[in-house]
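One structure below.
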Amino acid sequence: MKFWKMEGLGNDFVVVVGSYSFSDTEIVALCDRRRGVGADGVLVVSGHRDGVGMSYFNADGSEAEMCGNGLRCVARLAVELGLTDRREFSVDTPEGLRRVKVSSTEVTAELGPVTVGEQRRIGERDFHLVSVGNPHAVSWVEDLDGIGLAATGQALQGMFSDGINVEMARVDSPGGISMRVWERGVGETNACGTGAVAAAAAGLAQGLTREKVEVRLVGGTAQVTLEGGTSWITGPARLVYRGEWPG
């Protein structure tokens, strides 16, 4: 099986093109960083009447509704493989069609409407529940070091029926946020596109940040725009290498 290893802001993926169906065990094997290719998840790219479709699976085999960095990687690969002859097109995702724009250095992807829900006190922290097609819990912190992200992320999974992505974020200015993220089905990752949008939306809803904000993650910086009832994220998406998986 041919695959492409891709990354966006250090969020890395095994990408396959075609009508593939994987078991949880197979996805776990692919994503294993010592015995497999190694990745935060698996992206399956397929043909669609509008050109390109995608599905995303976390490293534990669970399917996710949306993946922002994965969507940008799919857009980049679709252009590089000639799956489309356009630089601006739509990708069919489990959450519907999402527009993408591919330049030589960056990819901009539409992640759709964002819903900022209730604020909930869990343990010693307040979390703002946000939906970007997938669920997020955003907590504002002063210091991103020593926050116990892994313990908190794991603890919150049992409190939500489908699990939840957890963002610890700091507002640096009205135009800037720094954050770390714990992704359900994966653990702490270098970046999360939907998580960046969730943090930006929570900040905007509270009057802490503007419609356009720079989000600084462990793996790099993304630009998030919230306007016209939808959300956009811009950042790098890169092909790392090609390979072939036996079996």
Side-chain angles (χ1 to χ4, degrees), residues 2-18 37-56 64 66-93 95-112 114 132-133 175-179 181 183 189-200 210-228 230-244:
K2 293 181 179 179
F3 70 87
W4 290 259
K5 178 69 180 288
M6 300 199 71
E7 64 90 14
L9 299 169
N11 202 186
D12 61 340
F13 311 97
V14 173
V15 189
V16 297
V17 179
V37 178
D40 293 328
V42 173
L43 288 159
V44 179
V45 182
S46 57
H48 183 263
R49 63 181 180 276
D50 291 306
V52 181
M54 69 166 265
S55 299
Y56 175 63
M66 177 56 70
C67 178
N69 289 323
L71 175 57
R72 294 188 304 99
C73 285
V74 166
R76 171 69 70 195
L77 186 64
V79 170
E80 294 199 4
L81 294 183
L83 301 180
T84 177
D85 58 2
R86 293 173 290 166
R87 289 276 175 165
E88 296 188 23
F89 55 97
S90 293
V91 177
D92 188 38
T93 78
E95 289 297 304
L97 291 176
R98 294 291 183 261
R99 292 169 287 176
V100 294
K101 305 173 185 177
V102 181
S103 74
S104 59
T105 57
E106 294 182 316
V107 178
T108 297
E110 178 191 20
L111 296 189
V114 185
V132 191
I177 293 173
S178 296
M179 60 171 273
V181 59
E183 293 192 60
T189 59
N190 283 341
C192 175
T194 56
V197 168
R210 299 191 290 258
E211 289 83 359
K212 295 184 179 181
V213 62
E214 183 177 83
V215 182
R216 292 173 282 274
L217 304 114
V218 174
T221 300
Q223 289 74 45
V224 172
T225 301
L226 303 164
E227 62 182 12
T230 193
S231 59
W232 297 86
I233 184 169
T234 299
R238 185 176 69 95
L239 172 63
V240 181
Y241 61 84
R242 302 171 178 83
E244 188 164 345

Kindly indicate, with the supporting measurements, whether the criterion side chain to side chain contact (heavy atoms under 4.5 Å, CB included) is fulfilled by Val107 and Val102. CA-CA 5 Å; Val107 178; Val102 181; 4.2 Å; yes
Show your reasoning for whether side chain to side chain contact (heavy atoms under 4.5 Å, CB included) applies to Val132 and Met66. CA-CA 8 Å; Val132 191; Met66 177 56 70; 5.5 Å; no
Where do Phe89 and Val79 land on the side chain to side chain contact (heavy atoms under 4.5 Å, CB included) test, with the steps shown first? CA-CA 10 Å; Phe89 55 97; Val79 170; 3.8 Å; yes
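Scanning both residues, Leu97 and Glu110, for their nearest heavy atoms gives O-OE1, 4.4 Å. Across every non-hydrogen atom of Ala196 and Ile233, the tightest pair is CB-CD1, 4.2 Å. For Leu43 against Cys73, the heavy-atom pair with the smallest separation is CD1-CB, 4.5 Å. Nearest heavy-atom pair across Arg98 and Glu95 is NH2-O, 3.2 Å. In this structure, Tyr56 and Cys67 approach most closely via the heavy-atom pair CD2-CB, 3.6 Å. In plain terms, the two heavy atoms of Ala109 and Val100 that are nearest each other are CB-CG1, 4.0 Å.
Using a 4.5 Å cut-off on side-chain heavy atoms (C-beta onward), Trp232 and Gln223 make no contact. Counting heavy atoms from C-beta on, the side chains of Val197 and Leu226 come closer than 4.5 Å. Side-chain contact between Val91 and Leu71 is present, with at least one heavy-atom pair separated by less than 4.5 Å. Here the side chains of Pro236 and Thr105 are not in contact, with every heavy-atom distance at 4.5 Å or above. Two residues are said to be in side-chain contact when any heavy atoms from C-beta on lie closer than 4.5 Å; Leu77 and Val17 meet this criterion. Between Met179 and Leu217, some side-chain heavy-atom pair lies under the 4.5 Å cut-off.
The structure places OG1 of Thr84 at 4.5 Å from CZ of Arg86, a figure rounded to the nearest 0.5 Å. Put simply, CG on Asp92 and CE on Met54 are 10.0 Å apart, with the number rounded to the nearest 0.5 Å. Going from atom CD1 of Ile177 over to atom OG1 of Thr221 covers 12.0 Å, rounded to the nearest 0.5 Å. Here the CD atom belonging to Glu244 is positioned 9.0 Å from the CZ atom belonging to Phe3, to the nearest 0.5 angstrom. Summarising the geometry, atom OG1 belonging to Thr230 is positioned 7.5 Å from atom CG belonging to Leu111; distances are rounded to the nearest 0.5 Å. For the atom pair CD (Glu88) and OG1 (Thr108), the distance works out to 9.0 Å, reported to the nearest 0.5 Å.
Under 4.0 Å is where a charged nitrogen must lie from a carboxylate oxygen, and between Glu7 and Arg238 at least one such pair does.
For residues 69-79, no residue pair satisfies the salt bridge (Lys or Arg N to Asp or Glu O under 4.0 Å) rule, not counting sequence neighbours.
A side-chain donor-acceptor contact under 3.5 Å links Lys5 to the backbone of Gly38. For Ser231 (side chain) and Gly112 (main-chain N/O), a donor-acceptor pair under 3.5 Å exists by modelled atom type.
Under the side chain to side chain contact (heavy atoms under 4.5 Å, CB included) test applied with Val15, the options Val42, Val44, Val45 reduce to a single match, Val45.
For Arg210, there are no salt bridge (charged side-chain N to carboxylate O under 4.0 Å, His left out) partners two or more places apart in sequence or in a different chain. Residues meeting the salt bridge (charged side-chain N to carboxylate O under 4.0 Å, His left out) test with Asp40, sequence neighbours left out: Arg33.
Residue Lys212 qualifies as open at atom NZ: its count of foreign heavy atoms under 6.0 Å is 12 or below.
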